[in-house]
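These notes are about the structure you will find just below.
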Amino acid sequence: MTRPGPNQRLHFATRAIHHAYDPNEHQGAVAPPVYFTSTYTYPTVEETDAAAAQGGLLYAREHNPTTKLLEARLADLEGAEACVVVATGMAAVGTLTLSLLSQGDEIVVHETLYSNTLAMMSGGLPRFGIKVVPVDLAAPANLDAALTPRTRIVYFETPVNPTAEILDIAAIAERAHAGGAIVVVDGTFASPALQRPIELGADLVLHSLTKYINGHGDVLGGVVLGRADLIEQVHGNGVRYLTGATISPMAAALVLRGLKTLSLRMDRHGASALAVARMLVAHPEVAWVRYPYLPTDPGYAVARLQMASGSGMLSFGLRGGFDGARRMLSRLGLITRAVSLGDTESLITHPASLVRARKRIRPEARLAPGVGDDLLRLSIGLEDPGDIIDDLQQALAR
Ligand SMILES: *Cc1c(COP(=O)(O)O)cnc(C)c1O
């Protein structure tokens with residue numbers, strides 16, 4: 001491959017494989033080395049001082065070359081000034097909020113959120129004197145009444161977990177900025193291959209690397225990307241002493257490997273999910289389907305503007321409701337009953353069943369607003385789409 005000149009911009013799929021790594025600087029190793037070390041030394045006292053002055057180049061909680069390569073590559077793909085990779089997606093949510101919010105501050109969130117982010121917002125942050133204000137951001141105008149001079153952050157997912165509802169990033173960002181708040185988008189359901197919120201006005205983007213970006217269901221990770229001044233706080237304060245939620249270099253190396261096939265995988269996830277969504281919409285046992293790239297979906301127009309295609313995530317409900325969902329789940333043969341998403345395996349969950357079971361150990365467990373008893377969340381994997389459809393059809397047969 002001829003290396004591009006400084007003004008040549010390579011395409012997304014190419015940058016996901018090559019950006020920020022030159023084998024000739026690493027003894028010709030085509031796969032990046034994994035640096036297993038907890039600490040660093042320098043040849044002289046002066047160079048140690050210089051490393052200390054740059055922040056974090058002394059100790060592996062804050063600095064690791066393998067993780068740094070992953071950060072450089074993810075920042076480039078997302079179109080972000082800066083990036084910090086952490087141990088899990090929840091570590092990203094926790095490190096971000098604890099770094100940027102103080103007692104008395106307010107955060108506005110969309111009312112439907114990933115279950116553990118919802119727990120953070122409803123039970124976690126209020127314990128520290130941070131006010132969390134849930135709003136239905138499906139109508140961005142609802143934001144205006146929720147913003148106060150203490151609102152620091154407007155936070156939402158799109159597509160939303162678990163509904164696959166679409167929120168309008170540009171419209172929400174415009175109103176949030178007018179009110180003096182920054183905008184944080186959790187883009188886990190789309191990945192940067194399909195959606196880049198910073199181009200649409202978001203200040204920070206967050207992903208669970210555990211999902212599409214790694215894509216193989218064998219590692220946990222999280223990332224926050226965006227404005228350099230904010231990332232500096234999340235890294236320099238958040239990771240250093242608020243959470244210490246550093247990713248292991250082995251996990252970072254696995255995510256770098258998964259990332260190489262991200263665009264290829266997203267094409268297949270999206271094409272198969274659209275075929276499954278079309279089958280479900282036409283099925284007599286199915287009451288409703290949400291998939292943003294179905295022309296009949298309420299999110300279709302906005303999805304066309306802010307996403308390159310649909311991902312593998314869809315939600316649906318059966319005419320048989322809660323019991324019908326459980327009956328269908330028990331009949332599936334190929335599709336795996338498991339939480340998580342974005343893996344090579346197709347995965348399905350029934351949030352109402354999980355909440356019912358969890359209430360035994362956590363009485364406060366409840367479904368997020370907007371999530372019904374009948375909702376099934378389906379993450380379409382990379383199996384042959386015909387086999388996925390056959391499995392759903394046999395499980396839905398009367
Ligand atoms: C899974 C998920 C998270 C949390 O990520 P972990 O890596 O599991 O900690 C956060 N947001 C969304 C939308 C998710 O799907």
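Each ligand, and each atom within it, is numbered from 1 in the order the structure gives. All values below were derived from every heavy atom in this structure, side-chain atoms included, with hydrogens, water molecules and symmetry-related copies excluded.
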Exercise for the section: Each residue besides V135 in its hydrophobic cluster should be listed here, by chain and number; the cluster joins Ile, Leu, Val, Met, Phe, Trp and Tyr at side-chain heavy-atom distances under 4.5 Å. Expected result: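 V108, V133, L137, L143, L147, V154, F156, V160, L167, I169, I172, V183, V185, L200, listed by chain and number.
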
Exercise for the section: Could you tell me which residues satisfy side-chain contact (heavy atoms from CB on, under 4.5 Å) with D323, sequence neighbours excluded, listed by chain and number? Expected result: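 For D323 there are no side-chain contact (heavy atoms from CB on, under 4.5 Å) partners, ignoring immediate neighbours.
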
Practice task
Heavy-atom cut-off of under 4.0 Å around ligand 1: list whichever protein residues fall inside it, by chain and number.
Solution key: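 Ligand 1 pocket, heavy atoms under 4.0 Å: T88, G89, M90, Y114, E157, N161, D186, T188, S208, T210, K211, G221, L341.
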
Handout entry: Heavy-atom donor-acceptor pair, H177 side chain to A173 backbone, under 3.5 Å
Key =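 Yes.
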
Practice task
For the pair R358 (side chain) and L354 (backbone), establish whether a donor and an acceptor sit closer than 3.5 Å, ignoring hydrogens and angles.
Solution key: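 No, the answer is negative, given that no donor and acceptor are paired below the 3.5 Å cut-off.
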
Handout entry: With sequence neighbours excluded, residues passing ring-ring contact (aromatic ring centres under 6.0 Å, His included) with Y212
Key =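 Residues passing ring-ring contact (aromatic ring centres under 6.0 Å, His included) with Y212: H269.
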
Exercise for the section: Verify the ring-centre separation between Y155 and H110: is it less than 6.0 angstrom? Expected result: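 Ring centres of Y155 and H110 not closer than 6.0 Å.
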
